[in-house]
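Shown next, in structure tokens, is the structure this report addresses.
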There are 2 protein chains.
Amino acid sequence: MKANLEDIARAAGVSKMTVSRVLRDGSGFSDETRRRVMEIAEKVGYVPNRLAAAFGSDQAETLVGMCVPRLTSGLFGHVLDGVDRALGRLGYQLIIGANDHSTTEEEAWIRQVASWRPAGLILSGRHHTPGTIEILRSAAIPVVEIWDLTTSPIDMAVGFSHSDCGAEMARHLLARGRRKAGYVGALARSDVMGQARFEGFRDALARAGHPLVDAEMLHDAPGFYAGYYGLETLLSRKNDFDVVYFHNDEMAIGGLAFCRSRGLGVPEDLGIAGWGGMEAASILERRLTTTVVPTTSIGKAAAEALVTKLKGGPVQAVTVVATRLVPGETV
Amino acid sequence: MKANLEDIARAAGVSKMTVSRVLRDGSGFSDETRRRVMEIAEKVGYVPNRLAAAFGSDQAETLVGMCVPRLTSGLFGHVLDGVDRALGRLGYQLIIGANDHSTTEEEAWIRQVASWRPAGLILSGRHHTPGTIEILRSAAIPVVEIWDLTTSPIDMAVGFSHSDCGAEMARHLLARGRRKAGYVGALARSDVMGQARFEGFRDALARAGHPLVDAEMLHDAPGFYAGYYGLETLLSRKNDFDVVYFHNDEMAIGGLAFCRSRGLGVPEDLGIAGWGGMEAASILERRLTTTVVPTTSIGKAAAEALVTKLKGGPVQAVTVVATRLVPGETV
DNA sequence: AAGAAGAAAGTTATCGATAACATGACCACC
DNA sequence: GGTGGTCATGTTATCGATAACTTTCTTCTT
């Protein structure tokens, strides 16, 4: 990069400061000066040096960091999209990272990103290491925790209760007459949110007097194959279920594929329920019973909360978004 | 953020420079000094200011920008994942943006990101505005163009030929005895890569003497619904196809759903082919005939090419990755 | 015509880290 | 005992933009 403010100033016969004022569209210059400066800046292809600007002034930055569990999850793609659309419009830059469901990796990522003095951070989940909390508090960086509800956020939170999702599904399955439920999940590292759905599900069943029959937890990425093989394992251990709840829709679709391959009728022989509301789930031969999560809205709300806070506006600490249980044709 | 190098220097009774040397793990200090400095840095929770460091030295940065067409595409999620894993390990930060298949938006994004003086950029596709080319050339930022093959990259490229993908699928369908092919695509803005597949497909069919019967192009996001309704529209216009090639797997799965809903047998009544190799496609009741794209590898290769170049190593300008046509049970 | 008010600039100091160069202590060797 | 060399450390200038002042020049008022 060649031209800096001084080069333009020299060419235009004014001072650096005047050029700075013109380019930032403030006031304190004549139309003639503006014209000349703009013309020269255009001609030399001036690229501002935000490193210098950000460093020189303690003004709020335009860098926002976002850490998600996995980049390959369809749901998080939509959350990212919501964030990106809301932030990009306002001139913010989005730095992303994936922590693979590990709070330790999240902390390592935050340490790196914090050294860029970001304007704010968006984190996934409400569990963080003590080190993370320490950095965030002492650096006083605005933070939005998304995806998982917490009543005591570090700063702000946008989410919903995974435990409630599981409990709601349990009630739905019971209302549909199911009594012998199984669960197939994946414990990618320590996915506490999936775990919360499981526990909410299990506890609600137990309270209703029809406790969970069995659960199969894979140590694998929660995808189609995990669902397929997870159901196979569960059924081989104890073939006495009338419904199986899956960690997410991808796994549930894998489970449906397994049923098809074994000639198991869904929902007659076995009910299948998922979670997440991926688009594919609604266009299957039988629409999947699942919980739809407003992914894009969560991203958008998180970005807006952050921006509002950065601009000094009033923000509410916790924003609860509604998930929606959609009864399909698989239960 | 409170403590800076000077604070630590004062506390340790040395100069800023010595602290800087210790923290960057260089040489030129005694073990005793290192111990003291490290201890104090730890105690005060020192967070380096990379803004200042990056600005102060003209050293290579650790920011890498990446622009993708859509964040909600499953395929790009995997590319991002490949890039993130390769870069994150080496301490680079990833700034992302989505351009919605618009080269104009890409340019706007690059202008923003360029002002942060990134170490390198990863762009999707080989078509860019003149303004983009101009900025990249004059700023001399290392660039990797991914996803679409080009023999004359701006700098480096990692990709494959979309046109060849289309042609290969045409040959495959012909070899399977299909003679009356249709195409259902989506023109999200100007998705030139999908367009290249279409043209490769169409031209190969024409050359073989069995030209494309008809094509339906939707101005919509290339998802399941677009596939469903696109096929409906295509068939309502002219119901004389024995196979339909789709823009991607998501749309093809939508097409399969439409066939199912209308009682059309696949592959007996109509063949269906997709592109992309999404995981879901291989676990459908009938495995989808599609072209598998090595998404994660592309991301990994792009990141590695960039890093190698940044470290001054030898890099090849163009890396061709192999796609793989996987015959399924839908043709 | 003097003075006030305001617009349109210019000046200076500063942010934190680092490169480049300078210094001082200590040792070895002829 | 002087010279050269190495190690540990200090000094100074610098990166580009901007905040906070200060100055200069107009214009308008009474």
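To find a chain, count down the sequence lines: A is the first, B the second, and so on, and within it residues start at 1. None of the values given here were measured: they were computed from a predicted structure.
In terms of position along DNA chain D, the nucleotide closest to B:V14 lies nearer the 5' end than the nucleotide closest to the other residue of the pair A:S20 and B:V14. Where B:P48 and A:S15 each meet DNA chain C at their nearest nucleotide, the meeting point lying more 5' is that of A:S15.
Using a 4.0 Å heavy-atom cutoff across all strands shown, A:F29 reaches sugar-phosphate atoms only and no base atom. Within the 4.0 angstrom heavy-atom criterion, no nucleotide atom of any strand lies near A:S27. Contact annotation for B:R21: base contact, defined as any heavy-atom pair under 4.0 Å involving a base atom.
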Step-by-step side chain to side chain contact (heavy atoms under 4.5 Å, CB included) determination, B:R137 to B:I154: CA-CA 8 Å; B:R137 287 220 192 283; B:I154 299 177; 4.1 Å; yes
Side chain to side chain contact (heavy atoms under 4.5 Å, CB included) evaluation trace for A:L23 with A:M38: CA-CA 7 Å; A:L23 292 178; A:M38 291 301 249; 4.0 Å; yes
Worked verdict on B:L75 versus B:W147 for side chain to side chain contact (heavy atoms under 4.5 Å, CB included): CA-CA 11 Å; B:L75 295 183; B:W147 207 240; 4.0 Å; yes
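Between B:R24 and C:dA19 there is a side-chain N or O to OP1 or OP2 distance below 4.0 Å. An OP1 or OP2 oxygen of D:dG10 is reached within less than 4.0 angstrom by a side-chain nitrogen or oxygen of B:T18.
Distance from the side chain of A:S30 is smallest for C:dA8 among the nucleotides D:dA17, C:dA8, D:dA19. Relative to the side chain of A:Y46, the nucleotides D:dG16, C:dT18, D:dA17 differ in distance, and D:dA17 lies closest. When distances are taken from the side chain of B:N49 to each of C:dA19, D:dA17, C:dG16, the shortest belongs to C:dG16. Side-chain proximity of A:M17 to the nucleotides D:dA17, C:dT11, C:dT18 is greatest for C:dT11. Each of D:dA17, C:dA17, C:dT18 was ranked by its minimum atom distance to the side chain of B:N4; first place goes to C:dA17. For A:A53, whose side chain is taken as the heavy atoms from C-beta onward, the closest listed nucleotide among D:dA17, C:dT18, C:dG16 is D:dA17. When distances are taken from the side chain of B:S57 to each of C:dT18, C:dA9, C:dG16, the shortest belongs to C:dT18. When each of D:dT18, D:dA8, C:dA17 is scored by its nearest atom to the side-chain atoms of A:K16, the top-ranked nucleotide is D:dT18.
Note: A:H162 and A:F160 meet the aromatic proximity criterion, with ring centroids under 6.0 Å apart.
What separates CG of B:L5 from C1' of C:dA19 is a distance of 14 Å, to the nearest Å. Atom CZ of B:R10 and atom C1' of D:dG10 are 16 Å apart (whole Å). Summarising the geometry, the separation between CD on A:E6 and C1' on C:dT11 is reported as 13 Å, rounded to the nearest angstrom. Rounded to an integer number of Å, the gap from B:R34 CZ to D:dC7 P is 16 Å. In this structure, B:E61 atom CD and C:dA17 atom C1' are separated by 12 Å, rounded to whole Å. Here D:dG16 presents its C1' atom at 12 Å from CD1 of A:I8, a figure rounded to the nearest Å. Spacing between atom CZ of B:R50 and atom P of C:dT18 amounts to 10 Å, rounded to whole angstrom units. When rounded to the nearest whole Å, the span between CZ of B:F55 and P of D:dC15 equals 8 Å.
Annotation: the span from A:N99 atom CG to A:L123 atom CG amounts to 9.0 Å, rounded to 0.5 Å. For the atom pair CD1 of B:I96 and CE of A:M66, the computed distance is 8.5 Å after rounding to the nearest 0.5 Å.
Put simply, the side chain of B:R117 and the base of D:dG16 share no donor and acceptor less than 3.5 Å apart.
Two end axes, each from the C1' atoms of five base pairs, can be drawn for the helix from C:dA1-D:dT30 to C:dC30-D:dG1; they diverge by 50°, to 10 degrees.
In this structure, the side chains of A:L80 and A:D84 stay at 4.5 Å or more apart for every pair of heavy atoms.
No salt bridge links B:R70 with B:D191; every basic N to acidic carboxylate O contact stays at or beyond 4.0 Å. Ion pairing of A:E32 with A:R35 is present here, as a side-chain N (NZ or NE/NH1/NH2) and a carboxylate O approach within less than 4.0 Å.
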